[in-house]
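Okay, structure first, notes after.
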Amino acid sequence: MTDRKLLVTAALPYANGHIHLGHLVEYIQTDIWVRFQKLRGNPCLFVCADDTHGTAIMIRARQEGRSESELIADMQAAHERDFAGFGIAFDHYGSTNSTENYELCKDIWQSLRAADLIAERDVEQLFDPVAGTFLADRFVKGTCPKCNSEDQYGDNCSKCSATYSPTDLINPVSTLSGATPVTKSASHLFVQLEKQHAFLEEWTQSGEHLQSEVANYLKGHFLGNPLRDWDVSRPAPYFGFEIPDSQNNFWYVWFDAPIGYIASTWQWCKKNNESLADWWRSDKTEIHHFIGKDITHFHTSFWPGVLKAAGYSLPKFVHIHGFLTVNGEKMSKRGGTQFQASTYLKHLDPAYLRYYYASKLGPKLDDIDMNLTEFVNKIDSDLVGKVINLASRTARFAEPLGLSIEYPHDGGLFAAGAVAGERIAQAYEQLDYSRAMRLIMELADQANAFVENSAPWTLKKDATQQVRLQEVCTIVLNLFRQLCVYLAPVLPRLSQQCGQLLQAELIHWDDSQTPLVGTSISKFEHLLQRIAPEKIQAMIDESKEAVPVVEPTAPAASAPAAVADSGDALLQEPLAPTCTIEDFTKVDLRVARILKAEEVPEAKKLVKLTVSLGGDNTRTVFAGIKAAYTLEQLQGRLVVIVANLLPRQMKFGLSEGMVTAAGPGGTEVFLLGIDSGAVPGQRVH
RNA sequence: CGCGGGAUGGAGCAGCCCGGUAGCUCGCGAGGCUCAUAACCUCGAGGUCGUCAGUUCAAAUCUGGCUCCCGCAACCA
C-alpha cells in the first residue's frame with residue numbers, strides 16, 4: 001500500500017441555483033474516489049465550498065429584494081442538505097465569502113504583484129444606466145467588430161474567434177435591462193498569463209496532469225497563440241471582495257472562486273490544528289481537482305498559472321468529466337428530466353443513483369446517459385438480484401448458527417475474490433468505476449452459482465447436515481462481505497449494514513482479504529428495496545412542475561385557491577424596465593398568416609416562413625422554432641409578428657420580421673395565437 | 001476543412017494503447033431450482049465489429065479516405 005496524502009476538491013457550486021442530477025455526476029464521482037482512498041488507508045481531505053460572488057448573485061438578490069448574504073446563506077444551506085442527502089462526505093464545506101478566502105486572495109494578489117504579473121489599464125466598459133451597474137461580458141451582446149457577426153457576447157466572437165473588449169461591440173445591448181449601455185472608463189487589473197506560457201505549455205503537455213484529450217484540446221486551442229491577459233477586476237458596484245490596493249475595484253468572481261479551494265482547506269486546518277502549508281505548499285500532498293468539461297480552460301491554464309506564481313502546490317491531476325443526458329437527450333425542465341437533487345430524494349434512495357453513476361462512469365470525458373429503464377434494471381438485477389441476494393439467501397439460515405470458527409474450504413472462491421480486489425482497486429484509482437462494477441458483479445455471479453450448487457435449503461432439512469449448512473453460509477456471507485468492501489466507496493450504507501449483520505465493522509479495504517469467522521449474526525433485515533417504477537414516474541411528474549424558488553413566499557392567508565403558477569419563469573427572465581406608451585407604439589405587432597413553412601436543411605433551429613400581412617404583402621421570416629413545431633403545424637396558421645423590425649441578414653437568408661412566442665427555446669417554444677376573427681394585417685394594440 | 005468523442009448481435013456497453021478463439025448486462029427462447037425482495041442457476045438463438053482501401057501469415061484491434069451520429073460551438077430578429 002502506498003503512503004499518499006491527498007487533497008481532493010470538487011467544483012464549487014454557484015450560489016445561483018439548486019443542485020440537480022447533472023451536478024451530482026461530479027460530486028458522486030469525487031465522493032467515491034475519496035471514500036476509496038480513505039478505505040485504502042490514504043489520508044485524504046475532501047473540501048468544497050459555495051461559490052458566492054459576482055454580478056449574477058447581486059442581480060438576483062436585488063430582484064428578490066434582499067441582501068446577497070441572505071441569498072447565499074439560504075442557497076448554501078440548500079446545497080449542503082442536498083449533498084448530505086446523497087452521502088457526499090466533504091471533510092469541509094466552506095464558502096468563498098469568508099475571511100479566510102479574503103486573506104488568501106490578498107496574499108495571492110501580492111504574489112502576483114511581486115511577480116510583476118499584474119497590469120493595470122483603463123478599460124472603457126459598458127455601463128447599464130437603467131440597472132446602475134457595469135455590465136459583465138455575458139450581460140452584453142452586440143455585433144463583432146472584426147467580422148460583423150451579430151449577437152455576440154462581450155468578450156470574444158464565437159464566429160471569428162476574435163477577442164476584444166465589450167466596448168468594441170457594435171450596437172451593444174444590455175441583456176439585463178435591454179437598455180443601450182453607455183461607455184464609462186474604469187481602471188482594470190489584468191493577470192498577464194502570457195508570462196506563464198512556457199510553464200503552462202510544459203505543465204499541460206507533460207502527460208502527467210491531464211487526460212490526453214484535454215491536453216490535445218489545449219494545445220490546439222490556446223497554447224498556439226499568445227495567452228490573453230485575464231481581466232480579474234470589476235468596478236463597483238459588485239458583490240465580492242474589494243481589492244486592497246485598488247479602491248472601488250473588486251476581484252472578479254472567477255479570481256476568488258478557485259482560491260476558495262484553499263480557503264476551505266484552511267478553515268478545516270483551523271478546526272483540526274493543522275498547517276495549511278502541509279496541504280498547499282508541500283510536495284508530499286497530491287492535489288486532485290474534479291471538474292466538468294465546461295470549466296476546463298480555466299482550471300488548466302489560469303489556475304495553474306496563479307498557483308505557480310503564488311508559490312502554492314500545483315494540482316497533481318485535474319480530472320474532467322462529461323455532462324449528464326437523460327434518455328439520450330439534454331436535460332430539460334419541460335420534459336421533466338432536469339431532476340433536482342431534492343426532488344430525487346423525496347422519491348428514491350440515493351444508493352440507486354450512486355451505484356448507477358458508478359456503473360456508467362469511466363475515465364474519459366464522455367457524457368454519460370441516464371436511461372431510466374436501464375437505471376431500474378441495473379439496480380434491480382445487479383444490486384438487489386445479485387449482491388444483496390447473497391445475504392438474503394443465507395442470512396436467515398445462518399442466524400441461529402453464527403459463522404463457523406474456521407473458514408471452510410470453498411474451492412478457492414474467497415481467495416480468487418481477494419486477488420480480484422487488486423484489479424478492482426486499480427479501476428477505482430483510475431476512475432474507471434464502470435470497470436470496477438463489472439468486476440464486482442462477476443464475483444457476485446460466481447457467489448450466486450456457489451449458493452445454487454451448495455443448496456443450503458436442502459441442507460437445512462437434514463439434521464445431520466447442520467455443520468455443512470453453517471459452512472456454506474459462512475462462505476456465502478464472507479463472499480457477500482467481500483463484495484460489500486469493494487462496494488463501500490459507492491454504497492457506504494450497505495457496507496455499514498453488512499458490518500451490523502455480521503457484527504464486525506468494515507473499516508479497511510483489507511477487510512476483503514481475510515475471511516471473517518466465529519461471529520454471531522444479527523437478525524436479518526432487508527438491505528435495499530427494488531425500485532418501484534411509480535416512484536420514477538412520481539419524480540418525473542414532480543420535475544415537470546416548475547422548479548421551486550429558493551424561498552417560497554408564504555401564501556396570503558385568505559388567498560383564493562387559484563392555479564398555483566410558480567414564480568420561476570419570472571425569475572428566469574425578470575421584468576424589463578418600465579417603458580412608455582410611446583416606446584411601445586414603436587413596435588408594430590401585426591397579425592400574419594403563415595403561407596409557407598419550409599425546412600432549412602442545414603439549420604438546426606431555424607425554419608423559413610413566408611408570411612402574409614394580407615394582399616400582396618408577404619415577407620420572409622426565419623424563426624427558431626424547428627424543434628417545437630412541425631411544418632404542417634405551422635402551415636396556414638395565424639401568428640403575431642413584429643412587422644417593423646429591422647431586417648436581419650442571417651446565415652440562410654434575410655429575415656424580415658420576428659414571430660412572437662414565449663418559452664425558453666428548444667422544444668419549449670409557444671407561438672402566440674389569436675382568437676378567431678382576426679385577419680392578417682391587423683395591428684395588435 | 002471550427003474543436004473533441006463515437007459507430008461492435010433488439011437496447012446499452014466492454015474489448016482497440018500491447019494485432020491471433022468477439023465478451024458483459026438487459027431483452028428474447030427452452031429447461032432447472034424453490035433459499036431469496038417474481039429473486040437465482042444452466043443451456044440456446046442472435047453480430048461478415050459503419051464503409052472503402054492499405055499494412056500483415058493474421059485486423060474489431062494498426063494506417064489512410066469516406067459516410068453517419070453525439071457533445072461543445074454556432075442560425076433561436
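First the proteins, then the strands, lettered A, B, ... as listed; each starts at 1.
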Closest to side chain of A:Asn448, choosing from B:C72, B:C41, B:G6: B:C41
Sorted by number, the residues of residues 422-435 of chain A with heavy-atom contact under 4.0 Å to RNA chain B: none
Same-atom distance (P) from B:A11 to B:G47, integer angstrom: 13 Å
Listed nucleotide nearest any side-chain atom of A:Arg438, set B:C13, B:U37, B:G12: B:C13
Sugar-phosphate only, base, or nothing, as touched by A:Asn453 at under 4.0 Å among non-hydrogen atoms: nothing
Whole-Å distance separating the NE2 atom of A:His321 from the C1' atom of B:G4: 17 Å
Minimum-distance nucleotide (side-chain atoms of A:Ala449 versus B:A36, B:C41, B:G6): B:C41
Sugar-phosphate, base or nothing in reach of A:Lys386, heavy atoms under 4.0 Å: sugar-phosphate
Watson-Crick or G-U counterpart of B:A7, or none if no pair lies under 3.5 Å: B:U67
Closest non-hydrogen atom pair, A:His321 against A:Glu26: NE2-OE1, 2.6 Å
Atom-to-atom span, CG of A:Leu372 to C1' of B:G12 - whole angstrom: 14 Å
Nearest-angstrom distance from the residue atom CG of A:Asp369 to P of B:C13: 7 Å
d(CD1, A:Ile368; P, B:G12) in whole Å: 16 Å
Shortest non-hydrogen separation from A:Leu21 to A:Tyr357 and the atoms involved: O-OH, 2.8 Å
Sugar-phosphate, base or nothing in reach of A:Ser381, heavy atoms under 4.0 Å: sugar-phosphate
Sugar-phosphate, base or nothing in reach of A:Leu365, heavy atoms under 4.0 Å: nothing
A:Leu361 vs A:Val25, side-chain contact (heavy atoms from CB on, under 4.5 Å): CA-CA, chis, key distance, verdict: CA-CA 9 Å; A:Leu361 275 167; A:Val25 172; 4.0 Å; yes
Pairwise P distance, B:U8 and B:G50 [rounded to whole Å]: 6 Å
5′-ward residue of the pair A:His526/A:Ala444 relative to RNA chain B: A:His526
Residue matched to B:G44 through Watson-Crick or wobble contacts both under 3.5 angstrom: B:C28
Distance test, side-chain N/O of A:Arg393 to OP1/OP2 of B:C40, below 4.0 Å: no
Touch class at under 4.0 angstrom, heavy-atom based, for A:Leu527 against every strand present: base
Ring centre gap for A:Phe298 and A:Trp254 strictly below 6.0 Å: yes
Whole-Å gap separating P (B:C3) and CD (A:Gln211): 21 Å
Charged N-O contact under 4.0 Å between A:Arg493 and A:Asp349: yes
Ring-face cation of A:Lys293 near A:Phe323 (centre distance under 6.0 Å, axis angle within 45°): yes
Side chain A:Gln211, main chain A:Ile320, donor-acceptor under 3.5 Å: yes
Complement of B:G20, any strand, by Watson-Crick or G-U distances under 3.5 angstrom: B:C57
G-U wobble or Watson-Crick pairing nucleotide for B:G2 (cut-off 3.5 Å, both distances): B:C72
Touch class at under 4.0 angstrom, heavy-atom based, for A:Asn389 against every strand present: base
Distance between C1' atoms of B:G4 and B:A73 (Å, rounded): 11 Å
Given B:A36, B:U37, B:C35, the nucleotide with the shortest approach to the side chain of A:Ile388: B:U37
Earlier contact from the 5' end, RNA chain B, for A:Asp380 and A:Phe397: A:Phe397
Integer angstrom distance from the P of B:C68 to that of B:A22: 31 Å
Validation row, ring centre A:Phe290 to ring centre A:His319 under 6.0 Å: yes
Interatomic distance, A:Gln529 CD vs B:U37 P [rounded to whole Å]: 10 Å
Inter-nucleotide C1' distance (B:C52, B:G15), Å rounded: 24 Å
Inter-nucleotide C1' distance (B:C35, B:C18), Å rounded: 46 Å
Nearest-neighbour nucleotide for the A:Lys293 side chain, B:G71, B:U37, B:U25 considered: B:G71
Counterpart base for B:U37, defined by Watson-Crick or G-U wobble contacts under 3.5 Å: none
Steps toward salt bridge (Lys or Arg N to Asp or Glu O under 4.0 Å) verdict (A:Glu471, A:Arg468): CA-CA 5 Å; A:Glu471 286 179 355; A:Arg468 180 59 192 154; 3.1 Å; yes
Nearest-angstrom distance, C1' atom, B:U63 to B:U55: 7 Å
Interatomic distance where CZ belongs to A:Phe480 and C1' belongs to B:U37 [whole Å]: 13 Å
C1' spacing across the pair B:G6 / B:U42, given as an integer number of angstrom: 36 Å
Side chain A:Tyr433, main chain A:Pro363, donor-acceptor under 3.5 Å: no
Distance, rounded to the nearest Å, where A:Leu494 contributes CG and B:U37 contributes P: 16 Å
Candidate nucleotides B:U37, B:U25, B:A77, ranked by approach to the side chain of A:Val384 - the nearest: B:U37
